[in-house]
Amino acid sequence: MTGGVFHSTSMIESTYDPATIEPRWSEAWEKSGAFRPKADAGAEPFCIVIPPPNVTGTLHIGHALNNTLQDVLVRFERLRGKAVLWQPGLDHAGIATQMVVERQLANEGNLDRRAMGRDAFVERVWRWKGESGGQILNQLRRLGASCDWSRERFTLDEGLSAAVRKVFVQLHREGLIYKDKRLVNWDPHFETAISDLEVVPQETNGHLWRIAYPLEDGAGEIVVATTRPETMLGDVAVAVHPDDERYAALVGKSVRLPLTDRTIPIIADAYVDPEHGTGAVKITPAHDFNDFQVGKRHRLEAIGVFTLRGALNENAPKRFQGLDRFVAREKVLQALEEAGLRRGEEAIRHAVPHGDRSGVVIEPMLTDQWYVDAPTLAKRGIAAVEQGETTFHPRNWEKVYFEWMRNIEPWCVSRQLWWGHRIPAWYDADGNVYVEENETAAKDAARKKHGLKAKAEIALTQDEDVLDTWFSSGLWPFSTLGWPDQTPELKRFYPTSALVTAHDIIFFWVARMMMMGLHVMQQIPFRDVYIHALVRDEKGAKMSKSKGNVMDPLGLIDKYGADALRFTLAAMAAQGRDIKLSENRIEGYRNFATKLWTAARFAQMNECAVWDKFDPATPKVAVNRWIVGEVAKTAAAVTRELEQYRFNEAAGALYRFVWNVYCDWYLEFIKPLLAGEDEAAKLETRRTAAWALDQALILLHPFMPFITEELWARLGEFGAKRDRMLIMESWPSLDAALVDDAAAAEIDWMIALISETRATRAELNVPPSARIPLLLIGADDATCARLERYQDLIDRLARLDYSTSADVAPHGAVTFVLDDATVALPLDGIVDFKAEAARLEKEIARHDAEAAKIDAKLGNLDFVRKAPEEVVEENRERLNDARSAAAKLRAALSRLNVAP
RNA sequence: GGGCGCGUAGCUCAGCGGGAGAGCACCUGCUUCACACGCAGGGGGUCACAGGUUCGAUCCCUGUCGCGCCCACCA
């Protein structure tokens with residue numbers, strides 16, 4: 001066997017112990033090279049790039065789901081023989097990482113970031129990354145993720161950084177990246193700009209204060225309403241609606257701005273809603289997005305009154321300078337009160353923008369930033385999805401994607417942080433900017449600009465800012481494959497096959513990859529986007545550390561095994577709904593793993609093994625032909641569902657096959673055969689049982705890689721032929737002709753007979769230990785033959801003394817109906833006939849009700865005329881069945897009544 | 001203010017035009033020679049509500065109520 005995994009040859013233990021087995025296989029797979037794409041150039045490529053976890057991250061349940069689903073696909077396609085690459089890596093996560101290290105510095109009582117200086121700080125972050133960053137990748141290994149770990153990339157590694165610079169320079173040359181001074185979302189805690197997506201509105205209790213601004217001519221006042229009185233110090237106008245008659249006479253006049261010595265105009269602008277507040281709005285272009293637009297329209301100056309840390313600056317009156325914005329708010333209100341200018345207030349709830357990382361109130365701030373022309377790039381991203389080059393699964397997420405892409409704003413990509421890709425822009429002493437891939441090229445450009453000779457001294461300073469983390473993430477599908485080099489991997493695997501991610505990241509990441517991939521590579525980054533659910537707690541809330549409602553996947557793996565967790569997540573990953581995860585669900589699937597384990601143990605104990613190629617078309621015995629058909633159906637279903645990303649359906653089909661078909665029935669059926677005398681049948685059965693189990697192991701492997709690999713090996717030690725590890729096996733491709741309808745009908749009949757017998761016994765409280773006879777009355781020859789053929793089996797599973805065909809039911813027999821026959825259990829003296837009469841009456845009533853319902857339906861001429869013929873026919877059959885069953889049971893009831 | 005999704009068994013969820021399903025929980029039996037993380041049997045649902053389309057609606061349409069999420073500049 002490849003992989004060189006050895007363990008002692010011994011009986012399979014009675015329960016599965018994941019903890020001792022999982023680490024061994026993780027190592028064996030990786031060592032064997034199974035995670036690397038196969039070299040075979042003819043193999044169809046299949047590639048997924050991992051959503052790179054943050055370098056600061058630890059595995060949470062969302063990662064567990066995301067990576068389980070990817071691994072299911074990846075292992076599935078690998079088994080199908082494709083050349084599979086699952087490209088792993090990490091995201092440097094600008095703000096998140098800088099936060100972690102800054103906090104660490106504080107805890108250690110070290111110099112803070114600013115005191116350390118940029119170089120020392122960045123060095124410190126790298127050191128942290130080397131020591132404790134990226135532990136999540138090892139946690140993914142524990143989950144069983146079969147990434148090609150030899151290709152691990154990091155968004156800040158040399159190659160990816162070069163890709164970032166190249167794209168930035170290219171977009172800049174094309175005019176798709178530019179520098180602009182406009183209002184941005186400013187995070188006063190981190191002192192950086194952030195993008196619209198990083199701003200989260202939070203419903204907050206606030207006030208709407210009314211403030212009087214005195215008219216300059218002394219002829220009264222105009223009252224404005226505001227939630228942010230402190231920004232009034234930067235007001236440059238008061239605006240009213242052009243049609244608002246209350247204020248028509250005031251437009252064009254001026255007011256004295258309280259607390260300052262400035263005079264500002266009253267202007268008319270349709271932006272103002274006369275119904276809202278007082279109908280008069282203070283205009284502060286430097287600190288409000290709407291006001292900025294109004295200011296532009298009216299050519300008003302923008303007066304910024306805040307520092308980058310959110311304190312009042314030198315543009316504010318002296319007495320407010322240096323105060324924090326929220327302190328200033330109180331002071332301004334107090335000063336207005338003293339000036340007699342307050343005109344009341346009301347408490348309101350309103351959405352206030354907060355930074356998603358810092359949690360502080362975001363301040364619109366007028367600054368110079370770099371922007372990506374997203375509206376232009378979005379066009380192709382929209383077209384590619386419209387034309388079906390890239391497809392979302394489920395499709396309805398395309399709406400969300402379109403909605404955002406069609407209303408996209410320029411993307412602010414500069415961040416005033418230190419940890420990240422420094423913007424490849426250099427400035428000369430005159431402030432000219434040179435955007436180049438490196439300083440040498442920038443200097444060349446600068447010399448050219450200034451008409452200097454090559455190698456002439458010229459001093460440039462690089463832009464201080466770094467790029468938004470998502471800029472490099474946007475390049476991930478091609479940068480990780482080696483771009484800008486034309487590597488074999490890039491050629492082979494781009495566009496990638498599928499992207500698997502949660503819906504909360506469509507805008508942040510999926511949309512950006514679409515834009516970047518289409519522009520830079522001229523091709524979509526991935527063909528399919530599978531959007532999976534968010535994992536929520538049992539109340540449906542998003543899990544978060546601060547809420548304390550997290551489920552730790554590593555703890556769950558310790559407790560139940562990685563396979564149980566994986567199977568649970570896959571089984572619950574139905575499209576279109578978030579997952580509310582509860583632990584008892586995992587326990588249930590842990591039990592499933594144990595069930596599989598003990599089934600294999602049974603096979604081993606019964607010397608079931610496949611020594612060589614087994615042809616599933618060869619079995620003669622009906623139970624064997626039947627299970628072969630069930631395997632074929634299951635394999636087809638699992639294949640079909642996985643191709644459509646219906647993980648839950650695939651998992652469900654496997655669960656039902658293993659538990660309800662193979663274990664509940666097939667293994668029970670073959671016990672008598674294995675104990676019998678017919679050596680040929682015994683051999684065939686052993687080989688069929690082994691083959692069916694092997695197929696189940698292969699089909700289950702994408703979901704439960706550890707236990708299936710272990711069993712594959714264990715069974716191999718007991719005779720099954722193994723050419724390689726299970727991970728490298730071939731996915732079953734079974735002819736639909738293997739489904740033998742005749743065998744299935746026969747087995748289904750037997751199952752029905754046994755089930756009905758058991759149910760009847762249980763209902764009448766026949767002790768399980770009581771061996772009773774069974775008589776089959778009025779059956780045709782074929783059915784009687786069936787009974788004879790499976791007598792051993794039926795007697796065993798229905799706990800019978802004997803079973804036989806007969807012409808009439810004896811008096812005092814308990815009966816039920818099976819197809820055209822009546823089954824009689826002579827229980828005279830064993831059961832209470834009042835109970836039996838009651839049971840029969842209940843059954844008769846059930847059949848009568850059914851018959852009445854169908855009869856009414858068939859009595860409806862419109863139904864008979866308009867419904868499809870097969871539906872009508874089916875109903876006729878059901879009516880017949882119900883009537884004949886009721887008749888037989890009535891006969892049985894009357895026999896009971898005449899019994900002595 | 002727009003948009004999306006969801007209300008199906010006690011819980012968590014599948015199903016989505018023709019006979020209401022699963023897992024867990026619950027009840028009753030069972031030391032049946034793989035498995036008590038098990039076996040066998042069972043109870044439990046006007047498929048949120050009201051209309052409509054249809055021969056037929058849990059499923060399609062409209063509306064109502066409840067819940068969740070996303071987007072949005074209303075001071």
Side-chain angles (χ1 to χ4, degrees), chain A residues 12 14-16 196 201 208-209 224-228 231 239 271-273 275-284 288-293 348 350-351 353 364 396-397 399-400 403-404 407 503-504 506-507 534 536 538 540-542 560 564 568 571-572 574 576-585 587-606 648-649 652 655-656 660 663-664 667-668 671 675 754-755 758-763 765-769 796-797 799 850 853-854 857 860-868 870-872 874-875 878 882:
Chain A
I12 294 177
S14 61
T15 53
Y16 173 56
D196 299 342
L208 189 60
W209 285 280
V224 300
T226 181
T227 55
R228 303 208 50 198
T231 63
Y271 147 70
V272 179
D273 175 3
E275 307 286 312
H276 201 272
T278 61
V281 189
K282 58 190 273 314
I283 299 298
T284 324
D288 182 282
F289 287 97
N290 289 310
D291 294 5
F292 187 73
Q293 294 305 322
I348 56 165
H350 59 151
N396 57 312
W397 290 109
K399 271 191 185 173
V400 176
E403 178 64 18
W404 190 71
N407 296 295
H503 59 72
D504 61 345
I506 292 175
F507 306 145
L534 256 27
R536 298 175 179 280
E538 58 281 332
K542 215 168 168 170
Y560 300 106
T568 306
M572 296 189 74
R577 203 202 280 242
D578 284 346
I579 295 176
K580 290 185 206 164
L581 191 62
S582 64
E583 203 171 318
N584 68 21
R585 210 54 204 257
E587 199 180 326
Y589 289 117
R590 185 273 319 270
N591 297 350
F592 174 63
T594 307
K595 187 75 180 174
L596 177 70
W597 183 261
T598 58
R601 184 163 179 256
F602 172 87
Q604 188 198 69
M605 290 167 73
N606 286 283
N648 60 317
E649 296 289 350
Y655 184 97
R656 286 188 296 275
N660 304 121
C663 292
D664 284 352
L667 291 186
E668 296 303 328
K671 280 175 184 173
I754 293 165
S755 298
R758 284 170 173 170
T760 307
R761 292 178 59 127
E763 196 161 351
N765 294 316
V766 177
S769 53
R796 177 191 169 99
L797 295 181
R799 308 191 135 261
E850 169 89 350
K853 205 168 127 191
I854 303 169
K857 197 185 249 189
N860 181 344
L861 281 181
D862 280 331
F863 172 71
V864 178
R865 208 166 48 230
K866 294 185 181 171
E870 62 270 22
V871 173
V872 177
E874 189 195 325
N875 275 277
R878 277 174 47 208

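Letters A, B, ... mirror the listed sequences (proteins, then strands); counts begin at 1.
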In terms of ring plane angle, is the pair Tyr589(A) and Tyr655(A) parallel, tilted or perpendicular, where the classes change at 30° and 60°? perpendicular

Say you draw a straight line from OG1 of Thr594(A) to CZ of Phe592(A); how long is it, rounded to the nearest 0.5 Å? 10.5 Å

Distance check, rounded to the nearest 0.5 Å: Leu861(A) atom CG versus Lys866(A) atom NZ? 11.0 Å

Provide, to the nearest angstrom, the distance between the NZ atom belonging to Lys857(A) and the C1' atom belonging to rG17(B). 11 Å

Give each protein N/O atom lying under 3.5 Å from an N/O atom of nucleotides 72-75 of chain B, with the pair distance.
unit_1  : atom_1 : unit_2    : atom_2 : d
rC73(B) : O2'    : Asn290(A) : ND2    : 2.8
rC73(B) : N1     : Asn290(A) : OD1    : 3.2
rC73(B) : O2     : Asn290(A) : OD1    : 2.4
rC73(B) : O2     : Asn290(A) : ND2    : 3.0
rC74(B) : N3     : Asp273(A) : OD2    : 3.0
rC74(B) : N4     : Asp273(A) : OD2    : 2.7
rA75(B) : O2'    : Ala225(A) : O      : 3.3
rA75(B) : N7     : His276(A) : ND1    : 3.0
rA75(B) : N6     : Asp273(A) : O      : 2.7
rA75(B) : N6     : His276(A) : O      : 2.5
rA75(B) : N1     : Asp273(A) : N      : 3.3

Rounding to 0.5 Å, atoms OG1 (Thr568(A)) and OH (Tyr560(A)) come to a distance of 9.5 Å

Is there side-chain contact between Lys857(A) and Lys853(A), with heavy atoms separated by less than 4.5 Å? no

Tell me if a side-chain donor or acceptor on Asp288(A) pairs with a main-chain N or O of Thr284(A) at a distance below 3.5 Å. no

Indicate for each nucleotide in nucleotides 28-42 of chain B, in 5' to 3' sequence, whether protein heavy atoms under 4.0 Å reach the base (B), only the sugar-phosphate (S), or nothing (-). -S--B-BB-BSSSSS

Let me know the distance between CG of Asn648(A) and P of rG23(B), rounded to the nearest Å. 15 Å

Upstream residue (5' side of RNA chain B) when Asn860(A) and Tyr655(A) are each assigned their closest nucleotide: Tyr655(A)

To the nearest angstrom, the CE-C1' distance between Met572(A) and rG23(B) comes to 9 Å

For residues Glu668(A) and Asp664(A), determine if any side-chain heavy atom of one lies less than 4.5 Å from a side-chain heavy atom of the other. no

Roughly how far apart are Arg590(A) CZ and Glu587(A) CD, rounded to 0.5 Å? 5.0 Å

Tell me the interatomic distance from Asp504(A), atom CG, to rC71(B), atom C1', rounded to whole angstroms. 14 Å

Rounded to the nearest angstrom, tell me the gap between atom CD in Glu583(A) and atom P in rA25(B). 13 Å

Return the value, rounded to whole Å, for the distance between atom CD of Glu649(A) and atom C1' of rG15(B). 8 Å

Between which residue ranges does RNA chain B form stems of three or more consecutive Watson-Crick or G-U wobble pairs, both distances under 3.5 Å? B:1-7 with B:65-71, B:10-13 with B:21-24, B:26-30 with B:38-42, B:48-52 with B:60-64

Taking N and O atoms by type only, does the side chain of Arg878(A) place a donor or acceptor under 3.5 Å from a partner on the base of rG19(B)? yes

Mind checking the CG-NZ spacing from Asn660(A) to Lys595(A)? Nearest 0.5 Å is all I need. 9.0 Å

Between CZ of Arg799(A) and CZ of Arg761(A), what distance do you get to the nearest 0.5 Å? 7.0 Å

Give the rounded distance in Å between these two atoms: CG of Asn584(A) and P of rA25(B). 7 Å

Take atom C1' in rG7(B) and the same atom in rG15(B), then report the distance between them in whole Å. 15 Å

Main-chain N/O of Ile12(A) paired to Gln604(A) side chain as donor or acceptor, under 3.5 Å: yes

